[in-house]
Amino acid sequence: MSENQLQRTALNDAHRRLGAKMIDFGGWDMPVTYAGTIDEHLAVRTAAGLFDVSHMGELEVRGPQALALVQHITTNDASKLQIGQAQYAGLTTPQGTFVDDLLVHKLSDEHYFLCVNASNTEKDFQWILANTEDFDAEVKNTSGQYTQIAIQGPRASEILQPFANVDLSAIKYYWFANGEVDGAPGIIARTGYTGEDGFELYIDPNASEQVWNKLLEAGKPLGLQPCGLAARNTLRLEAKMALYGNDIDDTTTVYEADLGWAVKLHKGDFIGRDALAQQKEQGLTRKLVGFEMVERGIGRDHYPIFIDGQQVSQVSSGSPAPFLKKNIGLAYLPLSHTAIGSQFHIDVRGKLVAAQVVATPFYKREK
Amino acid sequence: MANLPDNLSYTKDHEWLRLTGDTAFVGITDFAQSSLGDIVYVELPKVGDSFELSDPFGSVESVKSVNELFIPVSGEVLEINEALADAPELVNNDPYRDGWMIKIKIVDSTELDSLLSAAEYEDFIKEQE
C-alpha cells in the first residue's frame with residue numbers, strides 16, 4: 001500500500017512536526033516512535049505519555065434493546081454496568097474464540113459505546129450488524145467522529161486536570177465522564193493500555209490538534225512525552241494486556257487466553273457461551289502464559305517454542321521490557337507446562353535459548 | 001544530517017571501518033543506529049573467529065527488530081567490544097568510538113577498494129531516503 005493510500009488521523013501533521021518516525025500500521029500512517037521507545041516507555045512509567053490512538057474504532061449501539069444486544073455479543077456482564085462505567089469483554093464467535101476484544105462503555109440505558117481494535121473495526125461492525133436482527137437496537141460505526149488521545153502515567157491526572165471541566169479525581173478506574181477537554185466536548189475515560197493510571201479521551205477531530213499541543217506543552221515540565229506505537233506495545237506487554245492478532249484471535253478462546261474473568265456464564269445466553277461452558281467443564285489443554293528469558297536472547301513474536309525437543313507453539317508477543325529490564329513474552333503452552341517456573345526453549349534464529357514461565361502481570365503499578 | 005567522520009571508510013550495509021595498517025575497527029554508522037532506535041542487545045563473534053567477506057558475524061537488536069551484521073572485509077577477529085554486553089546503548093550514544101564492535105585482521109587488502117568514502121556513503125544514504 002503506498003503512503004498516499006494510508007489512512008491518517010487528525011493528528012498526522014502534529015506527529016510529523018514532532019519528527020515522529022511513521023509506519024504503516026494496519027493501513028494507518030501512525031507514529032511508531034518520537035524520541036526513542038525506551039525513553040517513551042520510561043516516561044509513562046515515571047511521569048506521563050501522550051498517545052494518538054485515533055486508529056481505534058468506535059461502534060455505538062442504541063435502542064430499547066441495546067443492553068440485550070450487547071449482552072448477546074459480548075462475554076462480560078454489561079447489565080452490571082452503571083451509566084458512566086466501562087468494562088473489558090470479548091466479542092466472541094460461537095466457538096468462544098475472539099472476533100475481537102473491546103471496551104464497553106454505558107452512556108445511558110439505551111446507548112452503549114464500544115471501543116474496538118483499529119484493524120477489526122469493519123469486521124466487528126459487520127459481525128454486530130449480522131447479529132442485530134432479533135433486537136430492537138441499531139449499531140453505527142462512528143469511528144470517524146472521534147479522535148482518541150490517551151494520556152497515561154502517574155502524572156496524567158495532574159497534567160489533564162487544568163484542561164478538563166470535570167473533577168478527574170471523581171472518575172474511578174474503568175469509569176468515565178462526559179465532559180470537555182479545553183472546551184471540546186467528549187468522553188473522558190479512566191482507562192488505558194499501559195498498566196498505568198491515565199485517561200483515554202474521545203473528542204472531536206477538529207479540536208484534537210489544539211488539545212494535543214496544549215497537553216504536550218503543559219505536560220512537558222512534568223515529564224510528559226509524546227509516545228508511539230512501539231512504546232504502547234512494550235507497555236501493554238509488561239502489563240500483560242492481550243494484543244489482538246498476536247495473543248488472541250479467532251483461533252483462541254477467552255479461557256485459553258487466561259481472560260476468564262471477563263466471561264460471565266451466568267448472565268444468560270450469548271454467542272460462544274455453550275462452547276465456553278463446555279471448555280470450562282472439560283478443562284483447558286493449553287493456556288496463554290507469561291515467560292521470561294533465562295538465558296541471553298530475546299524470544300520475539302512468532303519464534304518457535306520447544307518442549308522436550310518438540311515444537312509446541314510459538315511466541316505470541318515477545319520483546320525486551322524497558323522498565324523491568326528483562327526479556328519477556330507471552331505464549332500458549334500445553335497446560336502441563338504452565339506452572340510458574342516451568343522451563344522451555346525458544347528457537348532464537350537457530351539457537352535454542354532457555355525461558356521459563358513467570359507470574360503475570362510482569363509489571364503492576366503501586367496503587 | 002548524519003554524522004560521518006572523514007577518516008573512516010563505509011559500506012552499503014551501514015558499517016564503518018577505521019583502518020590502521022592491516023587491522024580495522026568495525027562498527028555501525030550513526031545513520032544505522034538512528035534508524036534502528038534503542039539498541040538493547042549486540043551479539044558478537046568470538047575472538048579468533050574468521051569470516052569471509054559478507055558473512056554474517058553477529059546481530060544488533062533494538063526494541064523492535066533484529067538486524068544481522070555482515071563482515072565488511074574478510075579476516076580474523078582480534079578483539080571484540082566486551083563493554084557492549086552490559087551497555088549496548090553505547091552503539092546509540094557513540095557509534096564511532098565507544099560503540100565499536102570488533103577489531104579485525106584484514107587478509108585481502110584488495111577488498112578495501114570497494115569501501116566507500118564518507119562522501120560516497122553520504123550520497124548512498126541520500127538515495128535510500
Quick one: which of A/I298, A/D301, A/T33 has the most heavy-atom pairs under 4.5 Å with chain B, could you say?
A/I298
Using a 4.5 angstrom heavy-atom cutoff, name the option from A/K21, A/H41, A/K325 with the most pairs to chain B.
A/K21
If you look at every heavy atom in [X] and [Y], which pair is closest and at what distance?
X: A/R296; Y: B/A85; answer: NH2-O, 3.4 Å
X: B/S62; Y: A/P320; answer: O-CG, 4.4 Å
X: B/D38; Y: A/T37; answer: OD2-N, 3.0 Å

Below 4.5 Å from any heavy atom of chain A, which atoms of [X] appear? Answer side chain, backbone, both or neither.
X: B/V40; answer: side chain
X: B/S59; answer: side chain
X: B/E43; answer: side chain

Answer yes or no: are there more than 12 heavy-atom neighbours, outside [X] itself, under 6.0 Å from its atom [atom1]?
X: B/D6; atom1: CG; value: no
X: B/R97; atom1: CZ; value: no
X: A/E295; atom1: CD; value: yes

Salt bridge between A/R300 and B/E61, side-chain N to carboxylate O under 4.0 Å?
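So A/R300 pairs with B/E61 through a salt bridge.
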A/D39 versus chain B, heavy atoms under 4.5 Å apart: side chain, backbone, both or neither?
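Backbone only.
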